[in-house]
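All remarks here apply to the structure that follows.
The model shown is predicted, which means the values in this text are computed figures rather than measured ones.
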Amino acid sequence: MRNHVKRSTWSVILTVVGIAAIAAVIAATATAKATKAHAAAAGTINMVEGTAPQSLDPGLDYTTQGSEVNWEVYTGLTTYARKPGLASTDLIAGLGTSLPVISNGGKTYTVTLRKGLKFSNGDPVVASDFTFTVERAISIPWGGSSTFITPQIVGAAAYAKHPGKGTISGISTNNATGKIVIHMTAAYGPFDNVLAFPALGLVDPKGTSLTKPQPTSPPAGVGPYMVTSIVPNASYDVVLNPDYTALPGIPAGTDNIDVKINSNVNANADAVLNNSADIFDWADTIPGSYLAKINSQAKSRFSLVNMGGSTYYIFLNATKAPFNNQDAREAVVTGLNENYMNRLGGGTLAPACFFLPPAIPGHPSGSCPYGTPGNGNTAKAKALVAKSGDADTPIVIYSQERVPRAQWMTYYESELKAIGFKKVSIKQVADANYFTTIGESKTVDPQTGFADWNQDFPNPVDFYGVLLDGKSVTPTDNENFGQTNDSHINTEVAKLGATPTTQLNSIKGQWQALDKYVAQKAYVAVFGYQKFPFFTSTRIVRSANMINYIYGWNFTALKLK
C-alpha cells in the first residue's frame with residue numbers, strides 16, 4: 001500500500017527535492033561525459049625509464065618504478081597531498097571521507113568509504129573491497145606484507161598461513177554504510193601510512209585473482225589513471241581514467257603517458273635532451289658526464305632535487321671484527337671523504353652524517369659527532385684504527401656493479417687502506433642479486449658494503465624498524481645488514497613507534513635524540529642524501545607540483561604546453 005499524501009506544502013517540498021535530485025543526476029552525467037571526452041582528447045607524453053617496474057599489479061610490486069605509477073592508479077583509504085615540496089608528504093584522506101579515527105589505545109582504526117566511487121571499469125566500490133585488497137596483498141604476497149600487514153592486523157598472520165582461504169578476522173566492513181573497522185594487534189603509529197601504500201589501494205574483486213598477480217592485465221583501481229598496453233620489460237601506457245571524478249586533494253590528470261623501457265640511460269638522457277622523449281625517469285641516475293651537457297643546453301628544464309627521504313650509507317657489521325669495535329666504526333666515519341664520493345656520483349649527493357634524512361620527522365639539527373661531512377680526517381682515523389687493535393683483520397667490502405655505486409665502494413676500499421686496515425678486498429655482486437645476497441645474514445654474513453634506503457613513508461619507523469631494530473634481523477631477506485642489536489635503540493623504537501604519523505611532531509625531539517645516539521655510536525657510515533633528476537623536454541609545462549617527495553613524478557601535474 002502506498003502512503004498517499006495530499007498535495008500540500010509537503011508535496012511542493014518533495015517536488016523541489018525531486019527536481020534537485022534529477023538535477024544532480026543530470027550534473028553527474030554531464031560531468032562523467034565531460035571526463036570521458038577529456039580523456040579521449042588528451043595528448044600523449046613520452047617517458048623513458050631505465051628499469052622496468054617489478055609489476056604494474058599493485059598486489060606484487062614493491063619498487064620505486066612501480067610505485068610512481070601505481071599510486072596514481074590505486075588510491076588507498078589514505079594518500080598523500082598533491083602539493084609542492086615537503087608538503088607532498090602530508091597524509092590526506094583518499095577513498096575515506098577523512099583520515100581514520102584511531103581509538104582503543106591506538107589499536108582500532110575506523111574509516112568510512114566515500115559514496116559514489118567507481119573503479120576504472122565502471123564497477124561501484126564497496127567497503128568489503130578493502131578486505132579483498134588486503135587479503136590479496138597477503139596472498140600473492142606483496143613484498144611489504146610481512147612487515148606492514150601480517151604482524152599488525154588481528155587475524156592477518158593466521159590468514160597468511162592459508163592464503164586464499166577464510167578471511168582476516170580483524171577487519172569488518174559494512175557495504176551499506178561504507179564503514180570499515182580495522183583491529184590491530186598493538187598500537188602501530190605508521191598504520192595511516194600503510195593504508196596509503198599502492199598495494200592497499202582498493203582493487204575490484206570482479207575479474208581479479210585473489211592469489212596470483214596479473215602482470216599484463218592488472219586489476220581495476222580508483223585513481224586519476226589506469227594502465228594499459230603492457231609489454232613486460234618493454235613498454236606500457238598510463239592513460240586517463242574516464243570514470244574518475246576528482247576527489248578532494250586528488251585532481252584528475254591532463255595528458256596520457258606512454259612509457260618506454262630502455263636500460264641505456266645515456267640514450268634516455270639524449271632522447272629528452274633532444275626532445276624526442278619528454279620525461280626522464282627520476283629514479284634513474286644521469287651519468288656525471290651528461291650533467292655538464294644538460295646544464296649547458298637544457299638548464300631550464302632540469303633540476304637535481306634532494307627530496308629528503310633517501311639515505312645512502314655503508315653498513316658496518318656490529319657482530320664481527322673489526323666493526324664490533326666502536327673505534328673501528330668511528331675510524332670509517334671519521335675518514336670518509338664525502339666530497340669525493342659526491343664527485344664520483346656526478347654531484348648527486350648532499351653530504352650527510354645522520355641516518356634519518358631531512359624530510360623525515362626526527363632528522364637532527366646541529367653538528368655531526370665526528371666532524372662536518374666533507375674531506376674526512378685521515379690522521380684521526382688512522383689513530384682510531386691503531387687504537388682498535390684490528391688493523392690486521394681481513395675486510396671484504398660488498399659492492400654492486402652499477403655506476404656510481406661500484407666507484408663509491410672502490411673509493412671506500414682505498415679509504416680503509418689509507419687509514420690503516422691492511423687486508424681489504426671487494427666482492428662485487430650483480431645488481432639484481434645484491435640485496436638478496438647481503439641479506440643472507442646466516443650464510444653470507446657480510447662485514448661491510450653499500451646500502452641505501454628510500455622512504456616508504458615519512459615516519460622514522462620506516463628506517464629504524466626495518467634497518468636498525470634488533471628484532472628486524474632475520475637469517476634471510478635481512479634488511480638490518482649491520483645486524484645492529486642495541487637495547488637502547490630497540491626500546492626507543494618500540495616506545496616511539498606507537499605514536500601515529502599525524503602526531504609525530506609531539507615526539508620529534510625524542511627521535512632526534514635517538515638518531516644522534518646512532519651517529520655517536522657509528523653504527524652506520526652515512527655518506528649522503530641522494531638528489532634525483534627531474535628532466536623534461538621543451539614540450540612539458542614545468543611546475544613545483546610535478547614532484548612528489550615520496551613517489552617522484554606526480555603524473556596529475558604533468559601536462560603538455
Pair Glu135-Thr167, side chain to side chain donor-acceptor pair (under 3.5 Å): steps then yes or no: CA-CA 7 Å; Glu135 290 173 350; Thr167 190; 2.5 Å; yes
Full working for side-chain contact (heavy atoms from CB on, under 4.5 Å) between Arg114 and Leu247: CA-CA 9 Å; Arg114 297 183 191 272; Leu247 299 174; 3.9 Å; yes
Rounded at 0.5 Å granularity, tell me how far OG1 in Thr89 sits from NZ in Lys83. 10.5 Å
Taking C-beta and beyond as the side chain, do [X] and [Y] meet within less than 4.5 Å on heavy atoms?
X      : Y      : value
Phe463 : Pro357 : yes
Tyr312 : Val526 : no
Met226 : Val239 : yes
Asp90  : Tyr80  : no
Phe555 : Val69  : yes
Phe323 : Tyr523 : no
Ile550 : Trp71  : no
Trp511 : Leu504 : yes

Salt bridge present between Asp452 and Arg405 (N-O < 4.0 angstrom):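 Between Arg405 and Asp452 there is a salt bridge, with a charged N closer than 4.0 Å to a carboxylate O.
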Going by an N to O cut-off under 4.0 Å, is there a salt bridge joining Asp469 and Lys471? yes
Pick one: which of Asn104, Val181, Ile182 meets side chain to side chain contact (heavy atoms under 4.5 Å, CB included) with Thr110?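 Only one of Asn104, Val181, Ile182 forms a side chain to side chain contact (heavy atoms under 4.5 Å, CB included) with Thr110, namely Val181.
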Only one of Val203, Ile180, Leu113 forms a side chain to side chain contact (heavy atoms under 4.5 Å, CB included) with Phe130, so which one is it?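 When side chain to side chain contact (heavy atoms under 4.5 Å, CB included) is applied between Phe130 and each of Val203, Ile180, Leu113, only Ile180 qualifies.
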Looking at Lys508, I'd like to know if its NZ atom is crowded, meaning that more than 12 non-hydrogen atoms belonging to other residues, nucleotides or ligands lie closer than 6.0 Å. no
Is it the case that atom CG in Asp477 sees more than 12 heavy atoms from other parts of the structure closer than 6.0 Å?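 At most 12 heavy atoms, drawn from other residues, nucleotides or ligands, come within 6.0 Å of this atom.
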Do [X] side-chain atoms and [Y] backbone N/O form a donor-acceptor pair below 3.5 Å?
X      : Y      : value
Ser88  : Tyr549 : yes
Asn478 : Pro475 : no
Gln512 : His363 : yes

Tell me, with the steps shown, if Lys212 and Asp57 meet salt bridge (Lys or Arg N to Asp or Glu O under 4.0 Å). CA-CA 10 Å; Lys212 295 180 180 179; Asp57 185 327; over 6 Å; no
How are the rings of Phe450 and Phe527 set relative to one another: parallel (under 30°), tilted (30 to 60°) or perpendicular (over 60°)? tilted
State, without any angle test, whether [X] and [Y] hold a side-chain donor-acceptor pair at a distance under 3.5 Å.
X      : Y      : result
Ser310 : Asn454 : yes
Asp243 : Asn121 : no
Tyr464 : Asp515 : yes

Aromatic ring proximity Phe355/Trp453, centre distance under 6.0 Å: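 Centroid separation for Phe355 and Trp453: 6.0 Å or greater.
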Verify the ring-centre separation between Trp142 and Phe197: is it less than 6.0 angstrom? yes
Could you check Asn241 against Ser120 for side chain to side chain donor-acceptor pair (under 3.5 Å), going step by step and ending with a plain yes or no? CA-CA 6 Å; Asn241 174 3; Ser120 58; 4.9 Å; no
Going through the distances and angles, do Ser139 and Tyr159 end up as a side chain to side chain donor-acceptor pair (under 3.5 Å)? CA-CA 9 Å; Ser139 298; Tyr159 178 83; 3.0 Å; yes
Apply the side chain to side chain donor-acceptor pair (under 3.5 Å) test between Asn193 and each candidate in Thr501, Asp462, Thr78; give the one that qualifies.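 Of Thr501, Asp462, Thr78, side chain to side chain donor-acceptor pair (under 3.5 Å) with Asn193 is met by Thr501 alone.
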Working for side-chain contact (heavy atoms from CB on, under 4.5 Å), residues Ser67 and Asp61: CA-CA 7 Å; Ser67 294; Asp61 183 81; 4.0 Å; yes
Lys107 vs Val154, side-chain contact (heavy atoms from CB on, under 4.5 Å): CA-CA, chis, key distance, verdict: CA-CA 10 Å; Lys107 294 173 67 175; Val154 170; over 6 Å; no
Passes side-chain contact (heavy atoms from CB on, under 4.5 Å), Ile153 versus Phe191? Steps please. CA-CA 10 Å; Ile153 301 177; Phe191 194 67; 3.9 Å; yes
